[in-house]
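Each chain gets a letter, A, B and so on, in the order the sequences are listed, and its residues count up from 1.
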2 protein chains.
Amino acid sequence: MECNDNNVRCHQCPVKDITSFNTLSKDQLDVIADSKTCVVFKKGQIIMHEGNKPNGVYCIQNGKCKTHKLGIEGKEQIIRFAKTGDMLGYRSILSDEPLSASITALEDTHACFVPRQELFDIIDLNSRFSLELMRIACHELGEAGRIITNLAQKTVRERLAEMLLILEKTFGITDEGNLDVSLTREEIANLVGTATESTIRLLSEFKEDKLIILKGRKIKLVNKPKLAKIGNVFD
Amino acid sequence: MECNDNNVRCHQCPVKDITSFNTLSKDQLDVIADSKTCVVFKKGQIIMHEGNKPNGVYCIQNGKCKTHKLGIEGKEQIIRFAKTGDMLGYRSILSDEPLSASITALEDTHACFVPRQELFDIIDLNSRFSLELMRIACHELGEAGRIITNLAQKTVRERLAEMLLILEKTFGITDEGNLDVSLTREEIANLVGTATESTIRLLSEFKEDKLIILKGRKIKLVNKPKLAKIGNVFD
DNA sequence: TTTTTTTAATGATAAAAGTCATAAAATCAT
DNA sequence: ATGATTTTATGACTTTTATCATTAAAAAAA
């Protein structure tokens, strides 16, 4: 965790407009700008630790993270992802509970730390900001319901097919057309909720069936309609 | 859905103090009181319909509800429960999205409908109310993460044992010591995320092993430590 | 109460998914 | 680059869970 670029004022921040801070006035942004600290997390570094009480939130300037929970016998469950523009730790801050999950950088990630108090100060002054936070939390709650239903009712094969599509939607693709996120088979398994071997086997099957192209950790979706069909994805 | 008791002013409402409305001033409560409509839902009646856009929220004065989502081939997934003091539909209102799930009364339920606009008006005026809504949504989000991890990592047997304990914690027990909620085996299955037959079989096993007593839909937990052990419940 | 309908129970079987073991390949650190 | 380490791949086997079928019991309706 090293400092960088603390001089960039928030109102000039290029990602400001895609964050909940886009509801803030210039003055309110200056309050954030005066109290924020910019940091860089290396790939694999833990940004927040499950069970801890954070002193504020991080706003991702650039990078990708996973939010993950400890499950049975230490097995990791990946709950969701975060990327540029997303806020980290707000669930814990706003519910006044310890972190229900850890957050780890999936690649080198630049983020700004905003102290708890400044966040509450702005909530007090700016109801549009409050509403935006509620909107995000409530949207996530709806997503969680979908994930719960899928885990409860879909087979591993269905969930994996759907997850590949979700990963493309979430992170987009590289110039070569691969998913723009690098995950190990184990991480994919921890996301889908299955054993690593099952994930490997099913990915190999999808490859055999020409639905995807695999090159190490690079995954390219080449038959998305079929993946959607396998995954029972209708939207 | 029939009207009843619309004359009770909110500031006199016996459940007010356990709702998020406990943060409201007398004046603000009067705004709610003037715009609210009290209704009764019969057992089994659908209160809100997945996919619809609600015009407000319900505040449960007395009763029990299930929040459930349509899954694969019309199979119901129960996402969570609501009881006296809980607010229904706030997720959809605050995220400005259609209802991600339906809500059905598990028993005759009295509730007050609060129109959307009055809710937003108070959010605008009262940041304590906003914070309370955020607290609830963010708490639920943490719960959802726990459910996701359990669904992904625990066996059906573990999940059922844990769910029995959660049901007792959520709804309490009757004078005879039974869970104070009446669910069919199918509903329990739709909650645990398994086939109805599996639920029936496992409940019979738990009964054999003297962990629970079954009398029709009446369930009494008689060996909670053992259930907690089976369910890998540590808290 | 009695009938009708729904729900619960249980056996047999099939399918899905997990575990363990081992080898090959890819990634990482130096 | 290169050696060490981690990850991926695959086979063999076990366990878990779902599905289908049938009967019994309990709820609900007449």
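Residue whose closest nucleotide on DNA chain C sits further toward the 5' end, between A/Arg217 and A/Arg157: A/Arg157. Where A/Lys207 and B/Arg159 each meet DNA chain D at their nearest nucleotide, the meeting point lying more 5' is that of A/Lys207.
End-to-end axis angle of the helix from C/dT1-D/dA30 to C/dT30-D/dA1, using five pairs per end and rounding to 10°, comes to 70°.
The only member of A/Asn178, A/Ile188, A/Leu167, A/Leu183 that meets side-chain contact (heavy atoms from CB on, under 4.5 Å) when paired with A/Ile219 is A/Ile188. Of the candidates B/Val57, B/Thr109, B/Ile60, B/Ile60 is the only one forming a side-chain contact (heavy atoms from CB on, under 4.5 Å) with B/Leu88. Of the options A/Lys66, A/Lys64, A/Lys43, a salt bridge (charged side-chain N to carboxylate O under 4.0 Å, His left out) to A/Glu107 is made by A/Lys64 and by none of the others.
Remark: the B/Ser100 side chain and the B/Arg91 side chain contain an N/O donor-acceptor pair separated by less than 3.5 Å.
Note: CD (A/Gln153) to C1' (D/dA18) measures 13 Å, nearest angstrom. Following rounding to the nearest Å, A/Leu151 (CG) and C/dA17 (P) show an atom-to-atom distance of 12 Å. The distance between atom CG of A/Leu160 and atom P of C/dA16, rounded to the nearest whole Å, is 15 Å. As a whole-Å value, the separation of B/Glu158 CD from D/dT17 C1' is 14 Å. Going from atom CD1 of B/Ile219 over to atom C1' of C/dT7 covers 13 Å, rounded to whole Å. In this entry the distance linking CD1 of B/Ile72 with P of D/dA18 reads 14 Å, nearest Å. Following rounding to the nearest Å, A/Lys75 (NZ) and C/dA17 (P) show an atom-to-atom distance of 13 Å. Atom CD in B/Glu205 sits about 10 Å away from atom P in D/dT16, given to the nearest Å.
Ion pairing between B/Glu140 and B/Arg80 holds under the 4.0 Å rule for side-chain N and carboxylate O. Using a 4.0 Å cut-off between charged side-chain N and carboxylate O, B/Glu176 and B/Lys215 make no salt bridge. Note on B/Glu162 versus B/Arg159: no salt bridge recorded, every NZ/NE/NH1/NH2 to OD/OE distance being 4.0 Å or above.
Checking C/dC28, D/dA28, D/dT16 against the side-chain heavy atoms of A/Lys43 singles out C/dC28 as nearest.
In this structure, CD on B/Gln77 lies 11.0 Å from CG on B/Leu70, to the nearest 0.5 angstrom.
Residues from residues 186-203 of chain A that place a heavy atom under 4.0 Å from any atom of DNA chain D, listed by number: A/Glu186, A/Glu197, A/Ile200, A/Arg201.
Residue B/Ser204 places no side-chain N or O under 4.0 Å from the OP1 or OP2 atom of C/dA8. Applying the 4.0 Å criterion to OP1 and OP2 of D/dA9, one finds that A/Arg185 has a side-chain N or O inside that range.
Atom CG of A/Asn55 has 12 or fewer heavy atoms from other residues, nucleotides or ligands within 6.0 Å.
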